[in-house]
Amino acid sequence: MATMFLKLTCLRRENCGDLLARPHYPSMPKYPKGVAGDVKGTEVKAMFSVEGMTCSACAGSVEKAIKRLPGILEAVVDVLNNRAQVLFYPSSLVNEETIRETIEDAGFQATLIEDEINERSSQVCRIQINGIRCTSCCCTAEIVLQAIHGVQRIQVALETEEAEVYYDPKILNYNHLLEAMEDIGFQTMLVSAGEDVSKIDLKVDGLGAGHSMQIIENSLQTLPGVQVIEIDPELDKVSISYKPSMTGPRKFIKAIESAGSENFKALVYPQGEEKESHRQDEIKQYRSTFLWSLVFTIPVFLISMVFMYIPIINCQLDTKVVNMLNVGEVLKWMLSTPVQFIIGRRFYTGSYKALRRGSANMDVLIALGTNAAYFYSAYSVLRAAGSPDFEGTDFFETSSMLISIILLGKYLEVMAKGKTSEAIAKLMDLGPETAILLTLDDYGNILSEEEIDSRLVQKNDVIKILPGAKVASDGLIIWGASHVNESMITGEAIPVKKGVGDPVIGGTLNENGVLHIKATRVGSDSALSHIVRLIESAQLAKAPVQKFADTISKYFVPLVIILSFSTWLTWFLAGVFHGYPKSWIPHSMDSFQLALQFGISVMVIACPCALGLATPTAVMVGTGVGASQGVLIKGGQALESAHKVNCVIFDKTGTLTIGKPVVVKTTLLKSMVLQDFYELIAATEMNSEHPLAKAIVEYAKKIREDEEDPVWPEARAFESITGYGVKATVRNKEIIIGNKSLILDQNIAIPVDGELMLAETETMAQTGILVSIDREVTGILAISDPLKPSACEVISILKSMKVRSIMVTGDNWGTANSIAKEIGIETVIAEAKPEEKAEKVKELQATGFTVAMVGDGVNDSPALAAADVGMAIGAGTDIAIEAADIVLMKSNLEDVITAIDLSRKTFSRIRLNYIWALGYNLIGIPVAAGALFPGTGLRLPPWAAGAAMAASSVSVVLCSLLLKNYRRPKKLENLNIHGIKIE
């Protein structure tokens, strides 16, 4: 939505040229019978050069004129580059020439730009990468993918095990990326292709291997628009990539169920089931392996640490088998071997893959530590079996207990990580489960109704929405009227009135009337899906602070291995050369074994995972919480910048104000009935498309509440006087409506009361409009763009947070100063052009401020892009939202505070995570190395070191999950937002 109040500047300026020269829009064509079935086909994108636009009000006029046409999906007007981009369904009513003529009818010169839309040079795909365990794995994956020719940008997320890859489709496709990952040992799965196609997964009962698969594939390949077919017989799943403009899921199901004589039954694969199934399988796998490890580890623990204190059992365990080898050692060896090589196989596999990639991860540390304990113990046992006088000590309990405890930690970590993405799951659940599909004849009459799965809705389907039901897809209303609750998207609980030609959003709630809508955006193209993808991309994007952990992880494991070896060597040499008293050595050990325990403890206590999880888990939870609060944060970069913000620049129109001029006061200077007065001026202003004229007409409609669509008298000899006002003859009366200059130019005297009223209006930041009837000033209208209810309180709260507030606007200085004074802003920049707003942002940055820009219009986009953090009002234009880092979906000013406060809380959590992860390693490693042993006799057994390592990762994830309890600042909860009262 272009900034509305800036349109006021066009009324009094000569340089707006032809904006009001041809003010009357063509009336919106009505749908004739049968058109409901005619507006079909492929979407067409057209680009127009538009000359004559001087401000955002002009852009708003062009945008609205285009959107009044039927079949228009999207219209974006760029006032900075004098262009308009339109996405529409071509029909007998709408084509490029129709759109061009519509723009010219709005008062601008328009030219179609041929061949403007070139083939995309960049595509994005999302890949699930199973097997990523730490930041070292992430770095390796990024290095391998970045080395592929044609790859432009990569983001790999540890917590979701996903990669988002931007690449040139002319050079490679996503299959090359999948193969590259599998070549280095990762299992991969394509999440989304990012091409101009849709993808759907179908569950097919009766699907087998071989002949059945071939029948289904042949049947689907006969359908137009089918691109790729993938069949997984193990999951009974058929994945189809297709062009939604040519075919759809209902045709696929029909083709499958009618294929051959196998009696196949097809339905949509449960949404998100595969990813959730993978997560549940991973949880079950860790739980199962942990429980199996306990079966062997508990007996080893009892033999090593409990039974030795029970004389009867200890006597049996000490029974010699061969030479000095006893029964207890044989049992421990037998029980720990399956734990080491079968249950612990995952650590060997992970180590092999990591070393094969030329890196080292946590699996390498665990494998080295447990192998050192196991093979030394095996050596000790074999030596005892071959010697009549060697009494060795084994560490079988160390290797088995270490593996069991680490598996427990991984099990808890996987369960906790799954809870970080609950926000996306809740968003995906907003859509309805079913939809009512209507079949129409050529005249638009209903032939049949059918209840279908909402995921089977195809483009151009006509859907019936009952009162109290959710809207099944994005679309246009072709029949009916109702109120729709759009709080899911906008956060505003007040239902919005909708009628024929109005767009609706999937997942919103129909309140009271029956609607028939034509689906325009379905599946992955819907508004809800776009929001979900925005959050997913945000959770993939790394915060700059993550680079700190990535840098450490490159050197962490090799450094720990060196420290572990150095620890063992230092203690061993100290023992050999009598560097410490023999009394320090436990009775069951020698100096070599004591040194070995210290070395193993250092190796297994070090935890790179905690460092790797510190930032991404907090960012994921933070962005999810933000989405639930109506604040969409585009990744870690935006979060990190927002927490430093100490200066906020507000645009005025549509940001601090409502963005819609309204009549706030009417003063009659002559005796006249108010309804008759407004009837005359509404009849005159009906011929103008100026924002002020629209405000007057809307107010006149409220005066005549008894009529839903009032008919105004005919206005003759209408004339628009650019920059001043309008004049016409209504009911044989000469009507002149405009500013003070127009009235004086017409040699009409302004009464003293009128002069005083105009002066008072200007001091209140309102626009005064004079009305002359038969050359006598009869009345004065005060028109204002009201402040948002929370504006004053928000500025006050920002001051208490030590954040400076500045207002930048293209409006005049008088209005700007008056509004700034009213809400408590001290610094004002008025009459600023878009590029001047961006320059002001850069000036503040140069003086040391971290600047956030809050705006909603096309003219704000340069400043939004230049600011450290751009915040776009959710009701603003697509260009502003695209340029912003944070989108305030509710369009509420108080969400500026929520965004800053949430970012501060999130980064406070990240700091706490890093303090814990680094502090744990900085304190834990010296303790494990025996730093406290000389003075206190305290040493950390390897199994205890492993438990501490597992606990560190779990604690970081749980610390991030505490963000789910985030509540807005109490000052906002106690905010008493008053409604806007219009006289």
Side-chain angles (χ1 to χ4, degrees), residues 37 40-43 125-126 174-175 189-275 277 428 431-440 448-463 472-475 506 518-526 528-529:
K40 294 180 180 178
T42 306
E43 297 171 3
C125 71
R126 295 169 64 87
Y174 57 79
N175 287 321
M189 180 182 71
L190 182 68
V191 177
S192 65
E195 299 171 345
D196 192 19
V197 296
S198 292
K199 182 180 179 182
I200 191 169
D201 297 329
L202 300 178
K203 189 176 181 68
V204 181
D205 294 334
L207 177 63
H211 183 61
S212 297
M213 292 171 58
Q214 193 62 45
I215 290 174
I216 290 175
E217 188 169 357
N218 291 340
S219 179
L220 290 171
Q221 283 177 342
T222 61
L223 298 175
V226 172
Q227 301 287 301
V228 180
I229 302 168
E230 298 173 351
I231 301 177
D232 188 340
E234 293 183 4
L235 297 174
D236 292 334
K237 187 175 76 169
V238 178
S239 300
I240 307 161
S241 298
Y242 64 96
K243 292 185 177 180
S245 59
M246 300 177 66
T247 187
R250 291 201 306 279
K251 292 181 180 179
F252 304 149
I253 290 176
K254 186 177 180 180
I256 291 172
E257 293 182 346
S258 61
S261 57
E262 304 289 334
N263 294 323
F264 298 117
K265 185 69 177 175
L267 66 158
V268 180
Y269 209 84
Q271 194 173 24
E273 184 176 276
E274 189 166 344
K275 191 171 183 179
S277 175
M428 295 177 72
E433 294 183 1
T434 61
I436 300 175
L437 176 67
L438 299 181
T439 304
L440 308 179
S448 65
E449 296 184 7
E450 179 187 0
E451 188 172 20
I452 62 171
D453 189 315
S454 62
R455 290 167 292 177
L456 296 179
V457 173
Q458 299 173 187
K459 280 191 176 182
N460 299 315
D461 280 346
V462 178
I463 305 299
S473 76
D474 296 359
K518 178 176 285 297
T520 55
R521 295 177 181 271
V522 297
S524 59
D525 198 31
S526 67
L528 191 58
S529 295

Counterpart residues, side-chain contact (heavy atoms from CB on, under 4.5 Å), relative to Lys265 (two or more places apart): Asp205, Glu257
Separation between CG (Asp474) and NZ (Lys459), nearest 0.5 Å, reads 10.5 Å
So which of Ile229, Ile216, Val226 actually passes side chain to side chain contact (heavy atoms under 4.5 Å, CB included) with Gln221? Ile229
Hey, what do you get for CG (Asp453) to CG (Leu267), rounding to the nearest 0.5 Å? 8.0 Å
Determine the minimum heavy-atom distance between Thr520 and Gly475, stating which atoms define it. OG1-CA, 3.4 Å
Separation between CZ of Phe264 and CG of Asp236, rounded to the nearest 0.5 Å: 10.5 Å
Under a 3.5 Å distance rule, please check whether Asp461 uses its side chain to pair with a backbone N or O of Ile463 as donor and acceptor. no
Go through the steps for Leu220 and Val238 under the test side chain to side chain contact (heavy atoms under 4.5 Å, CB included), then give the verdict. CA-CA 10 Å; Leu220 290 171; Val238 178; 3.9 Å; yes
Applying side-chain hydrogen bond (donor to acceptor under 3.5 Å, both in side chains), can you list everything that pairs with Thr222, at least two apart in sequence or on another chain? none
Holding to side-chain contact (heavy atoms from CB on, under 4.5 Å), I want the full list of residues that pass it with Glu451, two or more places apart in sequence or in another chain. Thr434
If you take all heavy atoms of Ile253 and Ala266, which pair is closest and at what distance? CG2-O, 3.8 Å
Assess whether side chain to side chain contact (heavy atoms under 4.5 Å, CB included) is satisfied between Glu450 and Thr439, documenting all intermediate values. CA-CA 8 Å; Glu450 179 187 0; Thr439 304; 5.9 Å; no
Minimum-distance pair of heavy atoms, taken over all atoms of Ala519 and Val457: CB-CG1, 3.9 Å
Here the gap from Glu217 atom CD to Ile240 atom CD1, rounded to the nearest 0.5 Å, amounts to 10.5 Å
Which residues satisfy the salt bridge (charged side-chain N to carboxylate O under 4.0 Å, His left out) test with Glu449, sequence neighbours excluded? Lys464
OG (Ser241) and CD (Glu230) are apart, to the nearest 0.5 Å, by 6.5 Å
Going by the rule side-chain contact (heavy atoms from CB on, under 4.5 Å), which residues pair with Glu433 if we only count those two or more places apart in sequence or in a different chain? none
Could you grab the distance from atom OG of Ser454 to atom CD1 of Ile436, nearest 0.5 Å is fine? 12.0 Å
Please examine the side chains of Arg455 and Pro249, heavy atoms only from C-beta on, and report whether any two atoms are closer than 4.5 Å. no
Name all residues meeting the side-chain hydrogen bond (donor to acceptor under 3.5 Å, both in side chains) criterion together with Ser219; count only those two or more places apart in sequence or in a different chain, and write none if there are none. none
